[in-house]
2 protein chains.
Amino acid sequence: MQSFTEENYLKIIYHLSELSNPVQTNAIAERIQTKAASVTDMLKKLSEKGLVDYVKYQGVTLTAKGKLTAINIVRKHRLWEVFLTQKLNFKWDEVHDVAEELEHITSDLLVERLDEFLEFPKVDPHGDPIPDRDGNFASLSFVKLSKLKINEGGAITGVSEHSSPFLKHLEKLGLTLGKKIVVTEIIDFDGSVELKVDQHKINISREVAKHILISK
Amino acid sequence: MQSFTEENYLKIIYHLSELSNPVQTNAIAERIQTKAASVTDMLKKLSEKGLVDYVKYQGVTLTAKGKLTAINIVRKHRLWEVFLTQKLNFKWDEVHDVAEELEHITSDLLVERLDEFLEFPKVDPHGDPIPDRDGNFASLSFVKLSKLKINEGGAITGVSEHSSPFLKHLEKLGLTLGKKIVVTEIIDFDGSVELKVDQHKINISREVAKHILISK
DNA sequence: AATAATTTTTAGATTTGTCTAAATTTAAAA
DNA sequence: TTTTAAATTTAGACAAATCTAAAAATTATT
Ligand SMILES: [Mn+2]
Ligand SMILES: [Mn+2]
Ligand SMILES: [Mn+2]
Ligand SMILES: [Mn+2]
């Protein structure tokens, strides 16, 4: 059994693994809001528990055991986010912090019953896929809205930024999950994108466009 | 803000206060599965935080602030127990341990929405009253089944023992919340009680009878 | 009232997760 | 290839929560 803190490390390492492998000490320190020295201490411990492969100065990789543990935490996090939005009327920018706490509740029965209660959702409120009990999940195909050319479009299937200000901004613009959009213009001056949603046109910054995921 | 551990102490002190006031160090140690020395350390800390009034060698009492904090934890615990039984089909003997973890989730919005989602339940699966947001709750009147005389009866409104073996035993006997019973005989030999439920008669030990609460 | 038994507290150690400051290693620049 | 800069690790300290063993205070018994 892992502590609250150990679980957080595993989850962070799992997420960072998608960006670079092995994962570096400083990258973890930044994400977890702690100092590199503390990360080193923890990596040694996780290594001794057989949850990560750690080479001094080189970085860490999750072992099979570590990866399964991490995915299970992600599963719980996302299921709770679905619960909060679907059953308790939380907005998609309000769920993350609470889910950060709920994901550490240790009851397999609870997770399975929750999954059932929610009718086995496949994605969370931000479009991220929910792993099944065995850690498997379909990797959805998508492109960043910022990569689309004029007249290209599709449905919003996810976001790659989960901060409350960003999500609230999208909501105000009517850019929620499932909405269909078409790029109508790309402004030379600042790279901002004009697009059509719900019959009318809006303009979003390039920075915003980079974090919206589209499936065609 | 209190730590997980501090919250557990406050809750235990709150429950023990109903039995004796002030609460003694050893009583806390026994309940919380720790040593008296650790309790002393924690009592000093809670005292400094203004959550308890603590007099060396005499025991502790909750301050108004400490009591409110404790009641809020109890509120969360019982709401989660209702959620688990009503929405996730947990049995009444399966909810306690999970609720012990869930009660520490810190989100006022979550608690209020959960309360609403459950349609503002007044009691938990064991018949214990659920405090409202301000810490108020009706104190239900009841008598122990073991105090009833022959031909006296009423409805089962609660239990004063929450262990899984006890609750499973009651369930097997058909003695669940709301069931109406009448005492038909009290056996001289061992003090065991014969009673009528659902048209048929059963015999329960005095020990069991002591933990069943009846309202007339 | 003196003695014994019980309860509680103190003292000092341990574990976990963290920190700062200094040392070491690796990567980049001159 | 030195030198410099950046990243990482070590060393030593700290706070929180716990423990054991011993001392002190309270309560019960003679
Ligand atoms: Mn999240
Ligand atoms: Mn999410
Ligand atoms: Mn309970
Ligand atoms: Mn209960």
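Numbered from 1 within each chain, the chains take letters A, B, ... in sequence-line order. As a basis for the values below, the full set of heavy atoms in this structure was taken, side chains included, without hydrogen atoms, waters or symmetry mates.
One N or O on the side chain of A:Thr63 and one on the backbone of A:Gly50 form a donor-acceptor pair closer than 3.5 Å.
Atom CG in B:Asp41 sits roughly 15 Å away from atom P in D:dA15 (whole-Å rounding). Rounded to whole Å, atom P of C:dT7 lies 16 Å from atom CG of B:Leu43. When the P atom of C:dT16 is taken as reference, atom CG of A:Leu46 falls 13 Å away, rounded to whole Å.
A salt bridge links B:Glu152 with B:Lys216; the closest basic N to acidic carboxylate O contact falls under 4.0 Å.
Here A:Tyr9 reaches the OP1 or OP2 of C:dT18: one of its side-chain N or O atoms lies under 4.0 Å away. The shortest distance between the side-chain N/O atoms of B:Lys44 and the OP1/OP2 oxygens of C:dT10 is below 4.0 Å.
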- [ ] Could you check A:Arg31 against A:Lys11 for side-chain contact (heavy atoms from CB on, under 4.5 Å), going step by step and ending with a plain yes or no?
- [x] CA-CA 11 Å; A:Arg31 269 283 197 106; A:Lys11 192 183 60 167; over 6 Å; no
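Within residues 51-59 of chain A, the residues having any heavy atom under 4.0 Å from DNA chain D are, by residue number, A:Tyr54, A:Lys56, A:Tyr57. Within residues 22-39 of chain B, the residues having any heavy atom closer than 4.0 Å to DNA chain C are, in order of number, B:Gln24, B:Thr25, B:Asn26, B:Ala36, B:Ala37.
Evaluated for a side-chain hydrogen bond (donor to acceptor under 3.5 Å, both in side chains) with A:His96, the options A:His77, A:His126, A:His162 yield exactly one hit, A:His77.
Between B:Val23 and B:Tyr14, every side-chain heavy-atom pair lies at or beyond the 4.5 Å cut-off.
Considering all non-hydrogen atoms of both residues, A:Ala70 and A:Leu62 come closest at CB-CD1, 4.2 Å. Considering all non-hydrogen atoms of both residues, B:Gly191 and B:Arg206 come closest at O-NH1, 2.7 Å.
A:Ser205 and A:Glu207 form no side-chain donor-acceptor contact under 3.5 Å, judged by distance and modelled atom types alone.
Considering only the side chain of B:Thr40, C:dT10 comes nearest among C:dT10, D:dT18, C:dT18.
Within 4.0 Å of B:Phe4, counting heavy atoms only, lies no atom of the nucleic acid at all.
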